[in-house]
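Pasting a structure below so you can have a look.
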Amino acid sequence: MATVKRESHLKLNPFGVAQAQLRRVAETFAIDDGLVRVLERCKKAVIVSVPTRMDDGSIRVFDGYRVQHNMARGPSKGGIRYHPDVTLDEVQALAMWMTWKCALTGIPFGGAKGGIACEPKAMSRGELERMTRRYASEIVREIGPQIDIPAPDVNTTGETMAWIFDTYSMNVGYPVLSVVTGKPLTIGGSLGREEATSRGALFTIREALKKLDRRFEDLTCVVQGFGNVGSFLAVFLHEHGSKVVGISDSTVALHNPKGIDIPAALAWKREHRTLRGLPGADEIDPAELLELECDVLAPCALEQVIDGDNAARIKASIICEGANGPVTPDADAILEDAGVLILPDILANAGGVVVSYFEWVQGLQEYFWKEHEVNERLDEIITRAFDETWQVSQARKLPMRVAAYGLAVQRVADATTTRGIYP
Ligand code: GLU
């Protein structure tokens with residue numbers, strides 16, 4: 001049977017991009033060459049085959065990955081992604097970015113990521129559960145509360161984490177709460193975790209507005225992606241009085257220059273599982289969405305959506321990277337010249353892993369916090385990381401991305417030097 005090979009959303013090799021970013025930062029911050037050689041590689045990469053019985057009785061075998069980039073500062077941490085374009089190189093890049101994210105926010109983790117190349121939207125719940133449980137069994141010796149702690153990422157949810165928690169616990173013979181984060185509240189999840197990534201993004205925008213002497217009430221915003229990150233960010237911006245003029249999901253992009261009714265969009269998406277058909281907004285070409293007239297553009301879906309081709313047409317003055325790696329280095333250079341303020345991924349979307357850290361701590365202590373405690377501690381960490389990044393960026397006249405990566409890479413390099421290279 002002839003199969004049509006779909007085109008990946010990744011035009012550049014994402015691991016190549018991540019390594020190039022590291023080299024630029026290492027040069028700017030004079031980081032030792034030997035350490036750069038350590039940091040540009042991943043500590044461990046595991047590829048597993050994931051045989052899964054489908055509902056029609058047939059067997060399909062998916063490729064699964066778990067990559068641990070670095071553990072100099074603690075056990076590794078990072079999500080699991082289900083997407084047809086998942087490759088080893090993508091997972092390696094995402095794992096490296098997790099290392100920088102944890103270092104920038106000062107939480108005691110290294111970086112990891114996992115993924116399965118599959119089409120989750122075309123799979124039933126039962127198929128997803130069987131695939132997830134087999135994948136979790138295949139990596140059961142690679143993960144654990146003191147080793148490597150998965151969490152949700154693109155197309156995975158609390159339910160996915162519940163299956164991994166259960167599979168791991170059945171394998172070892174007792175419940176291990178802190179083996180994954182992003183769990184449902186009924187099995188040791190943390191209050192505030194679901195909205196945490198978006199809340200963190202909101203805090204970074206708030207801090208940027210303070211520096212620029214601007215107000216939420218005067219902003220027009222475009223949010224690309226309506227999954228966990230994009231949907232809650234759109235809600236928060238709306239609640240803060242900003243006008244959200246453009247939104248999209250994987251099926252449709254919508255525009256209304258007068259502002260979209262975001263609570264209605266959220267309700268529509270929950271009911272119909274798509275934004276298509278939402279009243280009060282016009283369908284536009286998804287490529288046009290990023291180029292709409294607005295103050296804040298928040299790409300909250302996949303990598304490389306702003307590249308050398310469309311960067312010059314971006315009209316926003318602030319880009320808030322809710323996704324990992326949405327802006328390519330080519331685009332960075334163009335946007336830098338145009339004076340666009342980019343709030344980089346490892347800062348802007350770090351809220352998720354910060355509250356994952358809180359969930360891990362709560363699970364280990366079996367003592368759970370109130371929601372306002374979670375949100376206040378998140379605010380403290382994100383605001384501090386923003387201030388430190390802003391300071392370096394101002395003092396050294398560097399873009400926020402280079403400042404953030406610089407701080408993070410230096411911290412991991414220092415940890416490595418302090419520990420020494422084994423043996
Ligand atoms: N997948 C999220 C990220 O990219 C969360 C990771 C986590 O909580 O461990 O940051």
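These figures come from a predicted structure and were not determined experimentally. We use all heavy atoms of the structure for the numbers below, so side chains are in, but hydrogens, waters and symmetry mates are not. When a ligand or atom number is given, it counts from 1 through the structure's own listing order.
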For Lys113, the ligand 1 atoms whose distance to one of its heavy atoms is below 4.0 Å: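 Listed by number with element: 1 (N), 3 (C), 4 (O).
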Residue Gly78 vicinity, atoms of ligand 1 by number, heavy atom under 4.0 Å: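 Counting from 1, the qualifying ligand atoms are 9 (O).
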Atoms of ligand 1, numbered as shown, that sit under 4.0 Å from any heavy atom of Met98: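 Per the distance check, 3 (C), 4 (O), 6 (C), 10 (O).
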Backbone of Leu177 reached by a side-chain donor or acceptor of Lys183 within 3.5 Å: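 Yes, because the side chain of Lys183 sits within donor-acceptor range (under 3.5 Å) of the backbone of Leu177.
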Contact check: Arg193 vs ligand 1, nitrogen or oxygen atoms, below 3.5 angstrom: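 Yes, since at least one N or O of Arg193 sits under 3.5 Å from an N or O of ligand 1.
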Cation-aromatic face contact Arg396/Phe29, 6.0 Å, 45 degrees: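 So Arg396 does make the cation-pi contact.
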Distance-only donor-acceptor check, side chains Ser137 and Tyr168, under 3.5 Å: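 Absent: no donor and acceptor within the cut-off.
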Protein heavy atom at shortest distance from atom 10 (O) of ligand 1: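 That would be Lys101 NZ, 2.7 Å.
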Pair Thr181-Arg193, side-chain donor/acceptor within less than 3.5 Å: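 No donor-acceptor contact under 3.5 Å links the two side chains.
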NZ or CZ of Arg377 within 45° of Trp369 ring axis and under 6.0 Å: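 Positive - Arg377 is close enough to the ring of Trp369 and near enough to its axis.
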Nearest protein heavy atom with distance in Å, relative to atom 9 (O) of ligand 1: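 So the nearest neighbour among protein heavy atoms is Lys77 NZ, 2.8 Å.
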Protein heavy atom at shortest distance from atom 7 (C) of ligand 1: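 Closest protein heavy atom to atom 7 (C) of ligand 1: Ala151 CB, 3.3 Å.
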Polar contact flag, side-chain donor to acceptor under 3.5 angstrom, Asp89-Gln92: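 Present: a donor and an acceptor within the cut-off.
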Min N/O separation Thr181 to ligand 1 under 3.5 Å: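 N/O-N/O distance under 3.5 Å: no.
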Part of Asn324 within contact of ligand 1 (heavy atoms, under 4.0 Å):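 Asn324 to ligand 1: side-chain contact only, backbone stays beyond 4.0 Å.
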Element-labelled atoms of ligand 1 that are located less than 4.0 Å from some non-hydrogen atom of Asp153: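 Per the distance check, 1 (N), 2 (C), 4 (O).
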Heavy atom of Pro152, distance to ligand 1 below 4.0 Å: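 Flag set, Pro152 near ligand 1.
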Residue pairs passing the ring-ring contact (aromatic ring centres under 6.0 Å, His included) test where at least one lies in residues 102-123, sequence neighbours excluded: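 Output for this query lists Phe109-Tyr357, Phe109-Trp360.
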Donor-acceptor pair between Thr274 and Thr251 side chains, under 3.5 angstrom: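 Judged by distance alone, the side chains do pair up.
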Gly182 to ligand 1, any heavy atom closer than 4.0 Å: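 Outside the 4.0 Å threshold, so no.
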For atom 8 (O) of ligand 1, the protein heavy atom that lies nearest, with its residue and separation: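 Of every protein heavy atom, Ser356 OG, 2.6 Å lies nearest to atom 8 (O) of ligand 1.
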Asp148 (side chain) donor-acceptor with Ile143 (main chain) under 3.5 angstrom: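 No; zero donor-acceptor contacts below 3.5 Å.
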Ligand 1 atoms in contact with Gly352 (distance to a heavy atom under 4.0 Å):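 Listed by number with element: 8 (O).
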Side chain, backbone, both or neither: the part of Met161 lying under 4.0 Å from ligand 1 by heavy atom: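 Contact part for Met161 vs ligand 1: neither.
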Any side-chain donor near an acceptor of the partner, Trp97 and Gln21, under 3.5 Å: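 Checked: Trp97/Gln21 side chains pair up, N/O donor to acceptor below 3.5 Å.
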Arg81 near ligand 1 by a heavy-atom separation under 4.0 Å: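 False for this residue.
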